[in-house]
Number of protein chains: 4
Amino acid sequence: MLEELNEFLNTFQKLPREKQLKILDAAAEAFASKGYYGSGIKDICERANISNGALYKYFLNKEELFIAVLDRCQQIMVEYLYEKHTKIESSILNAIEEYLKEIAEICGKFPAYLTVYANLGSPNMEMFSERFSERFKESGKYIYEMVREAKKRGEVIEGIDERALGFLIDNQFILFLYSMLSDYHEKRFRSFMVIEDEVELTSEKKIAFIMDSIRVFLNNKKEESYPVT
Amino acid sequence: MLEELNEFLNTFQKLPREKQLKILDAAAEAFASKGYYGSGIKDICERANISNGALYKYFLNKEELFIAVLDRCQQIMVEYLYEKHTKIESSILNAIEEYLKEIAEICGKFPAYLTVYANLGSPNMEMFSERFSERFKESGKYIYEMVREAKKRGEVIEGIDERALGFLIDNQFILFLYSMLSDYHEKRFRSFMVIEDEVELTSEKKIAFIMDSIRVFLNNKKEESYPVT
Amino acid sequence: MLEELNEFLNTFQKLPREKQLKILDAAAEAFASKGYYGSGIKDICERANISNGALYKYFLNKEELFIAVLDRCQQIMVEYLYEKHTKIESSILNAIEEYLKEIAEICGKFPAYLTVYANLGSPNMEMFSERFSERFKESGKYIYEMVREAKKRGEVIEGIDERALGFLIDNQFILFLYSMLSDYHEKRFRSFMVIEDEVELTSEKKIAFIMDSIRVFLNNKKEESYPVT
Amino acid sequence: MLEELNEFLNTFQKLPREKQLKILDAAAEAFASKGYYGSGIKDICERANISNGALYKYFLNKEELFIAVLDRCQQIMVEYLYEKHTKIESSILNAIEEYLKEIAEICGKFPAYLTVYANLGSPNMEMFSERFSERFKESGKYIYEMVREAKKRGEVIEGIDERALGFLIDNQFILFLYSMLSDYHEKRFRSFMVIEDEVELTSEKKIAFIMDSIRVFLNNKKEESYPVT
DNA sequence: GATGAATGAGACTTCATTCAT
DNA sequence: AATGAATGAAGTCTCATTCAT
């Protein structure tokens, strides 16, 4: 079984990186717009400009293709998001803002992958999400550390548990991310910000709005806040 | 087209309420566990104990059936959640806690519907979520009002925008809801709470954890907090 | 699983007998001419004049369809062959001749089914032939009985084991059957009978040829033999 | 077309004999176990340890490969079976027994080839069997001669046609061969011999059983029979 | 000559929808 | 109004064959 799996992976990995990415991109776009069950192999092959049979040379089946897309998702997250933020260089406030900006940036760069990844939370994706549950522990730990460090430095107000604050901040991250990808959460955001449909809602505005709420926990002054443009 | 649609709706609405609900429940369960594309009409009919053809007397097609389920979702939300909480009877802290408890309760009562509803946020559900965007304005407004009232009563600490705080609180609600329905968000919760897989994570514990983070904004004393059991 | 299987069978059995047979006939013809793996569902459906999907309402899959054809084969064999010959009315010689004639007749009537049945002996059909192995014991027993009775009546020459003789006779039956269905065995027959390709080889001639060899075992006189026409 | 075919054959025949046989063996094994339609080129190449493309340098297509296997079958039959038995060295009884033993031996040595060959009799193999029909005339002639010689020597009882007896004997050969290769015919054999499934049925026992039935035609005494072990 | 990736027709099967009863 | 058989397009996947290297 594992050998078999490798047989396919090898064929795929021998491809030029460019072509690999084209295929994964095509799959990610399909899965992002129609979901796993709604996406068809034929459609993906056409997007990737490869033959139907070729795909089955690269991946055992649709499921394995999807997992390959998820792996690429994770790789993107790690490369563009986590690795850049393992160290808090200045204040936690800045760190959070940077993190949000980074989320906005990778959502702009890889919307399809991020969408697929975000969709892992859907209840009928459990068969796939189990594979990636490890990551949560990491993510939780990272934010917890960030908060703890900040507390030591006196940046966090008294009387709040590090874990609870971490969770609260991560919730902002998650829903900010969702709002970049899903119309539903975008509208929810608008609703709270009281912004009309006609007015453009840039990610900068969203970030500023989030920072406004988070700043409360921190011993920071308003003037350092992110300027709303 | 609209007449046609009504024709179907009428046939459905002439059914005894009990049978209507049986059909919607069956559909909700299917959609919840397998998603829109993954669910089959045949499966739904079998769950509902009606014939394949009967369903097409009641609904124009799968899409309309799904929308009917979504309508029922909203109805449940309104009936069991929003209507119960239009007035803040005591402090905002209590109100929030009550709201979370209510969420936990209806998740226990109607897990399938809530799951379907929660999935509307999935990016590939946009074709359906548009119909329900109205609700957000309501929801946002309600929480905003709640916060504003609380602020007037001096329950909220200084220097925080009502809307930002409302958003922050609603984010807790949303992700609490998700954690009741999706394994993915459940695990995320555990990760932040640092709870081992073997230990049961009751909704009471989750609520207490959330309340811990929220209390910070409020001029409340710890002793009123939700008792962790 | 069994319920599921019944679900399909029921749908099929509700069909008018005529339509049932049309479908089985179509399948038998396809399987007979191209074998199990070489035959396609589409081809079968076209022969039977039903839609592709209909077939899957009647049978779980190609395998079950094939088994249904085999069942019909057996039914034909039992109805037209075995039931007619449970009693030896006159001499064993006549019985054998009658049996051969009967084989010729059902080969003319149901060539496809007989062909499918005969093919069960192919080594790559073992997955199916196991189901039908019971029949052999019957068949062997029946011929054994026939020979034993004949021996009692003094029709069989001395010094031959009933079982060995039964086997020898059954071999003639089998290869006579094969010669009606397969070009290969037909040619083999011709070769031994020394009949040119241009000359027609009727089943009567084959039977006479076989009877010639069998008569030796029996205390019969030549003049009673089957007349070669 | 013929030139083309030769082009392929030449390429194949230039290979070292060992490699040729490895390829044919691999193909024979595949065809024997899964039949012509059920066998895949990929599988055969893997068994033969050659590349997919190489096979198409040696053979025009799957069909020609199959024919090459059949040619090898015939070659084996001629080399190991026919050529050894062109002369009756002692009595016909011994000759037959030797022939049966030889069949058992080559079935043990080349089961795959023999199986493929035996399957030529399947009705859906007619497209291939035509090519090999020549052989039957030879085979028939050979056995006919054997019987005629034996008759001259007074080994055969009176009143039986040489051709009919030849056919009868050949039938024993054929079905003995089939019983070595197919479960179906093995079971049929057991049924007539009244041997339980648990008891091993060696080829020696089968041969003894067959000899018992054949001996009747011959002016032989029981004591010369094949010893049942 | 050899390789093995690529092709695409076609295989089996499912399923939303229609329709005769 | 209800049934459930029928439809056929479309889905996933396989495989004999071709072709660039």
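Within every chain, numbering begins at 1; the chains are lettered A, B, ... in the order of the sequence lines, protein sequences first and strands thereafter.
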Subject >> Listed once per pair and sorted, the side-chain hydrogen bond (donor to acceptor under 3.5 Å, both in side chains) pairs that draw on residues 25-39 of chain A, sequence neighbours left out >> reply: A:Asp25-A:Tyr113
**OP:** Using a 4.5 Å cut-off on heavy atoms from C-beta on, say whether the side chain of B:Arg72 contacts that of B:Leu21.
**Re:** yes
Subject >> Contact residues, residues 25-42 of chain C to DNA chain E [heavy atom, < 4.0 Å] >> reply: C:Ser39, C:Gly40, C:Ile41
Subject >> Phosphate OP1/OP2 of E:dG4: any A:Thr11 side-chain N/O under 4.0 Å >> reply: no
Original post:
Rounded to whole angstroms, how far apart are CG on D:Asp43 and C1' on F:dC15?
Top reply: 12 Å
Original post:
CG of B:Leu15 versus C1' of F:dA2: gap in Å, rounded?
Top reply: 11 Å
**OP:** Give the rounded distance in Å between these two atoms: CD1 of C:Ile44 and C1' of E:dT13.
**Re:** 14 Å
**OP:** Run through D:Ile23, D:Ile41, D:Ile67, D:Thr11 and flag the one making a side-chain contact (heavy atoms from CB on, under 4.5 Å) with D:Phe59.
**Re:** D:Ile23
**OP:** Apply side-chain contact (heavy atoms from CB on, under 4.5 Å) to C:Ala27 and list each qualifying residue two or more places apart in sequence or on a separate chain.
**Re:** C:Phe31, C:Ile44, C:Leu65, C:Val69
Subject >> Validation row: C:Asp71, C:Leu24 side chains within 4.5 angstrom (heavy atoms) >> reply: no
Subject >> Rounded distance (Å) that lies between atom C1' of E:dG8 and atom OH of A:Tyr56 >> reply: 14 Å
Under 3.5 Å between N/O atoms: give me all the protein pairs with nucleotides 7-10 of chain F, atom names plus distance.
residue, atom, partner, partner atom, Å
F:dT7, OP2, C:Ser51, N, 3.1
F:dT7, OP2, C:Ser51, OG, 3.0
F:dG8, N7, C:Gly53, N, 3.3

Subject >> Which atom of D:Leu120 lies closest to which atom of D:Ser129, heavy atoms considered >> reply: O-CB, 3.7 Å
Subject >> Value in whole Å for how far the C1' atom of F:dA6 lies from CZ of C:Phe12 >> reply: 15 Å
Original post:
How many angstroms lie between atom CG of A:Leu181 and atom CD of B:Glu126, to the nearest 0.5 angstrom?
Top reply: 9.5 Å
**OP:** Compare all side-chain heavy atoms of D:Val116 with those of D:Phe66 and state whether any distance is below 4.5 angstrom.
**Re:** yes
**OP:** Verify, without hydrogens or angle tests, whether C:Ser122 (side chain) and C:Met125 (backbone) share a donor-acceptor contact under 3.5 angstrom.
**Re:** no
**OP:** For the residue pair C:Phe12 and C:Tyr58, categorise the inter-ring angle as parallel (less than 30°), tilted (30 to 60°) or perpendicular (more than 60°).
**Re:** tilted
Original post:
Given that D:Lys62 and A:Lys62 both sit by DNA chain F, which one's nearest nucleotide is further toward the 5' end?
Top reply: A:Lys62
**OP:** Starting from P on E:dG1, measure out to NZ on D:Lys14 and report it in whole angstrom.
**Re:** 6 Å
Original post:
Just how far, in rounded Å, is P of E:dA6 from CZ of A:Phe59?
Top reply: 12 Å
Subject >> Whole-Å gap separating P (F:dA5) and CD (C:Gln13) >> reply: 13 Å
Original post:
Any salt bridge (Lys or Arg N to Asp or Glu O under 4.0 Å) pairs touching residues 35-45 of chain A, not counting sequence neighbours?
Top reply: A:Asp43-A:Arg47
**OP:** Treating a pair as Watson-Crick (purine N1 to pyrimidine N3 plus N6-O4 or O6-N4) or G-U wobble (N1-O2 and O6-N3) with both distances under 3.5 Å, list the stems of 3 or more consecutive pairs that involve DNA chain F.
**Re:** E:2-21 with F:2-21
